[in-house]
Structure formats: C-alpha cells, structure tokens
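To find a chain, count down the sequence lines: A is the first, B the second, and so on, and within it residues start at 1. Everything numeric here is computed off the predicted structure, so don't read it as measured data.
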Amino acid sequence: MKPGRIVPASFYARDTELVAREMLGMLLQYRTERGTASGMIVETEAYVGEHDAACHAAAGLTTRTAPLYERAGIAYVYFIYGMYWCFNAVTRPSGQPSAALVRAIEPVEGIDLMRRRRPHARRDRDLTNGPGKLCMALGITGGVNGQSLQRGSLVIRDYAAISDSAVAVTPRIGIRHAADWPLRWLVRDNEFVSRG
DNA sequence: ATCCGGATCGCCT
DNA sequence: GGCGATCCGGATG
C-alpha cells in the first residue's frame with residue numbers, strides 16, 4: 001500500500017459523522033526534522049457542535065476553541081490532563097464548529113522513529129493505540145494547532161478502503177456529557193484500536 | 001488571585 | 001480497576 005493524494009479541504013466541509021467514518025483507512029502523516037512518521041487511522045470520534053456538551057465548542061468561541069470556528073480542513077490540537085496532546089481535523093458542516101478526533105492509528109511509516117519517541121511502549125501496539133499516544137509517536141504538539149492539513153507538514157492522505165462490514169460504531173470514550181451518543185467509529189479486530 | 005475539571009496515560013494492586 | 005501526574009482554559013470573586 002502506498003500513500004495517496006492529500007485529502008482536499010472540501011472533504012471536511014461535510015457532516016462530521018460522515019467525515020469521521022470516512023477518515024478510517026486514511027493516512028495521518030507528519031514530517032519533522034527527525035523524519036516522516038505516519039499511520040493508518042483506525043479509530044475516530046465526532047464532536048458535533050455547540051449543542052454537543054462534550055464538544056469544546058459548547059463553551060462558545062474562546063481563544064482555545066478558535067480553530068473550530070475557522071474553516072474545515074485545519075488541525076485542532078489541544079492539551080489535556082497537564083501532559084498530553086490530542087489531534088482533531090476541523091469540520092464545518094453548515095458552519096457549525098465541530099471536529100473529528102483521531103483516537104488511534106496503525107503505524108505505517110517511521111516506526112523506528114515512533115519507538116524512539118515512545119520509549120516506554122512495551123509492544124508496538126502500544127505506540128499509537130490512544131489519542132495522546134499517537135500524538136507522542138508522531139511528534140504532534142500544539143505547534144500545529146490551526147495549521148492547514150493540505151499545505152503543511154501535517155497532512156491526511158488517501159490510503160486504504162475500509163468496507164462498512166469492517167466498521168463498528170460505539171459511544172464515545174472518556175466523556176461525561178452525551179456519553180450515550182454513537183459517535184465513535186473503529187476498524188473491527190484492529191489491534192491498534194484504543195479499547196473494545 | 002484562585003479554583004476546578006478535563007476528548008489521557010502508565011504504573012500499581 | 002484505581003490512582004497520581006501535571007497544567008491549561010474558563011469561571012468566579
């Protein structure tokens with residue numbers, strides 16, 4: 001399998017549920033001075049707008065949430081629990097501030113670089129099986145917050161096709177509000193999925 | 001100025 | 001399965 005074309009911004013300007021589903025099988029690729037690392041997206045969640053209490057946009061437009069109000073196809077990277085970064089692709093269906101969180105990837109390029117960035121991972125599956133872990137493995141930090149996912153060092157590319165029969169949908173993980181909404185998508189039986 | 005909760009992870013039992 | 005780490009954004013006074 002070879003990395004394909006960079007996904008255009010128009011892809012992200014649609015319903016977040018659709019974007020989250022179709023991001024499965026795409027390649028998240030980051031180039032840094034240390035080299036290129038990438039992985040196939042195997043788990044995503046949708047955060048669908050101001051009416052979604054679990055979405056950061058529920059707080060309205062603030063310094064932190066500003067990227068969600070800009071445009072589809074840019075990165076929204078936030079810091080959590082004092083230690084970790086999480087990566088989202090901004091979606092803008094009908095102008096709604098929303099995003100798709102990438103929760104897990106399967107390493108494709110630069111696995112040795114990922115191992116160096118994740119010295120405590122005991123097995124390779126522990127490199128990228130969580131939203132904080134994959135950001136560490138790729139080297140993603142707040143420095144790319146708000147950056148284009150078409151023109152910059154961080155891009156999403158076409159990669160593999162995932163059939164509907166290989167996809168499972170569940171409630172989102174680790175949230176308090178709207179915890180029963182089925183807005184998490186994952187590739188069945190993929191060992192890099194964070195849970196379930 | 002101060003307080004609190006959080007889209008997590010890794011280590012412990 | 002439980003808990004501590006560690007800090008930022010937002011809210012309140």
Chemist: Shortest non-hydrogen contact from A:I156 to A:A89?
Modeler: CD1-CB, 4.5 Å
Chemist: Considering only residues two or more places apart or on different chains, which pairs with a residue in residues 124-142 of chain A satisfy salt bridge (Lys or Arg N to Asp or Glu O under 4.0 Å)?
Modeler: A:R115-A:D124, A:R123-A:D126
Chemist: Provide the closest heavy-atom pair for A:Y159 versus A:G25 in the form atom of the first, atom of the second, distance.
Modeler: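 Of all heavy-atom pairs spanning A:Y159 and A:G25, the closest is CB-O, 3.1 Å.
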Chemist: Do A:N145 and A:W85 touch side chain to side chain, with heavy atoms closer than 4.5 Å?
Modeler: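 No, their side chains stay 4.5 Å or more apart.
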Chemist: Looking at DNA chain C, which of residues 67-74 of chain A put a heavy atom within less than 4.0 Å of it?
Modeler: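 Going residue by residue through residues 67-74 of chain A, none turns out to have a heavy atom under 4.0 Å of DNA chain C.
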Chemist: One character per nucleotide, please: for nucleotides 1-6 of chain C, 5' to 3', B when the base has a protein heavy atom closer than 4.0 Å, S when only the sugar-phosphate does, - otherwise.
Modeler: ----BB
Chemist: Hey, are the side chains of A:E17 and A:L183 touching, using non-hydrogen atoms and a 4.5 Å cut-off?
Modeler: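 Side-chain contact under 4.5 Å: yes.
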Chemist: Hey, does the side chain of A:S94 reach the backbone of A:Q96 with a donor-acceptor pair shorter than 3.5 angstrom?
Modeler: no
Chemist: What pairs meet the ring-ring contact (aromatic ring centres under 6.0 Å, His included) rule with one or both residues in residues 35-59 of chain A, with sequence neighbours excluded?
Modeler: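 Of all non-adjacent pairs touching residues 35-59 of chain A, those that pass ring-ring contact (aromatic ring centres under 6.0 Å, His included) are A:H56-A:Y76, A:H56-A:Y78.
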Chemist: Please tell me if the side chains of A:I140 and A:V144 come closer than 4.5 Å, counting only heavy atoms from C-beta onward.
Modeler: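 A side-chain contact exists here, since the closest heavy-atom pair is under 4.5 Å.
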Chemist: If you link ILVMFWY side chains whenever their heavy atoms are less than 4.5 Å apart, which other residues fall into the same cluster as A:L113? By chain and number, please.
Modeler: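 Traced through the cluster, A:L113 reaches no other member.
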Chemist: Between B:dC9, C:dG9, B:dA7, which one does the side chain of A:H56 approach most closely?
Modeler: B:dA7
Chemist: For residues A:M136 and A:R117, determine if any side-chain heavy atom of one lies less than 4.5 Å from a side-chain heavy atom of the other.
Modeler: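 Of all side-chain heavy-atom pairs linking A:R117 with A:M136, none is under 4.5 Å.
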Chemist: Between residues 95-115 of chain A and DNA chain B, which residues have a heavy-atom gap below 4.0 Å?
Modeler: A:L101, A:R103
Chemist: Would you kindly give the CE-to-C1' distance between A:M23 and B:dA7, to the nearest whole Å?
Modeler: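 For the pair A:M23 CE and B:dA7 C1', the rounded distance is 14 Å.
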Chemist: Mind jotting down which residue pairs meet the salt bridge (Lys or Arg N to Asp or Glu O under 4.0 Å) criterion with at least one end in residues 46-64 of chain A? Sequence neighbours excluded, please.
Modeler: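 Qualifying pairs, neighbours excluded: A:D52-A:R172.
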Chemist: Taking only N/O atoms, report every protein-nucleotides 11-13 of chain C pair under 3.5 Å with atom names and distance.
Modeler:
none

Chemist: Checking side-chain hydrogen bond (donor to acceptor under 3.5 Å, both in side chains) for the pair A:S38/A:Q29: CA distance, chi angles, key distance, verdict?
Modeler: CA-CA 4 Å; A:S38 72; A:Q29 182 185 59; 4.9 Å; no
Chemist: Evaluate the side-chain proximity of A:Y12 to A:R71: yes if any heavy-atom separation is below 4.5 Å, no if none is.
Modeler: no
Chemist: Does B:dA7 have OP1 or OP2 sitting under 4.0 Å from an N or O in the side chain of A:R176?
Modeler: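 Answer no for this pair, as no side-chain N or O of A:R176 is under 4.0 Å from OP1 or OP2.
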Chemist: Using a 4.5 Å cut-off on heavy atoms from C-beta on, say whether the side chain of A:V155 contacts that of A:L149.
Modeler: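 Result no, sub-4.5 Å side-chain heavy-atom pair not found.
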Chemist: Send over the distance from A:L61 CG to C:dG9 P, rounded to a whole Å.
Modeler: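 Distance check: A:L61 CG to C:dG9 P gives 14 Å.
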Chemist: What pairs of residues pass the salt bridge (Lys or Arg N to Asp or Glu O under 4.0 Å) test when at least one of them lies in residues 80-105 of chain A, not counting sequence neighbours?
Modeler: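 Qualifying pairs: A:E43-A:R103, A:E45-A:R103.
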Chemist: How is A:R172 classified with respect to the nucleic acid when contacts are heavy atoms under 4.0 Å: base, sugar-phosphate, or nothing?
Modeler: nothing
Chemist: Quick one, which residues of residues 124-143 of chain A touch DNA chain C with a heavy atom under 4.0 Å?
Modeler: none
Chemist: Using a 3.5 Å limit on both pairing distances, list the dot-bracket string of DNA chain C from the 5' end; Watson-Crick and G-U wobble pairs count, crossing pairs take [ ], interstrand pairs take |.
Modeler: |||||.||||||.
Chemist: Scan A:R122 against the nucleic acid and name what it touches under 4.0 Å (heavy atoms): base, sugar-phosphate only, or nothing.
Modeler: nothing
Chemist: Measuring only between side-chain heavy atoms, which start at C-beta, is A:R14 closer than 4.5 Å to A:E22?
Modeler: yes
Chemist: In this structure, how many angstroms lie between the P atom of C:dC8 and the CH2 atom of A:W85, rounded?
Modeler: 8 Å
Chemist: I'd like to check A:L28 versus A:F87 (side-chain heavy atoms, cut-off strictly below 4.5 Å). Are they in contact?
Modeler: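 Side chain of A:L28 against side chain of A:F87, heavy atoms only: contact under 4.5 Å found.
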Chemist: Tell me: CD1 of A:I175 to P of B:dG5, nearest whole Å?
Modeler: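 Nearest whole value for this atom pair: 18 Å.
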Chemist: Among all residues two or more places apart in sequence or in another chain, which pass the side chain to side chain donor-acceptor pair (under 3.5 Å) test with A:S165?
Modeler: A:S163
Chemist: If every non-hydrogen atom of A:G130 is compared with every non-hydrogen atom of A:S194, which pair is closest and at what distance?
Modeler: CA-CB, 4.2 Å
Chemist: Would you kindly give the CD1-to-C1' distance between A:I80 and B:dC4, to the nearest whole Å?
Modeler: 13 Å
Chemist: Please give, in whole Å, the distance from B:dC9 C1' to A:Y78 OH?
Modeler: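 Nearest whole value for this atom pair: 13 Å.
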Chemist: Rounded to whole angstrom units, what separation is found between the CG atom of A:N145 and the C1' atom of C:dG9?
Modeler: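 My rounded result for the distance is 13 Å.
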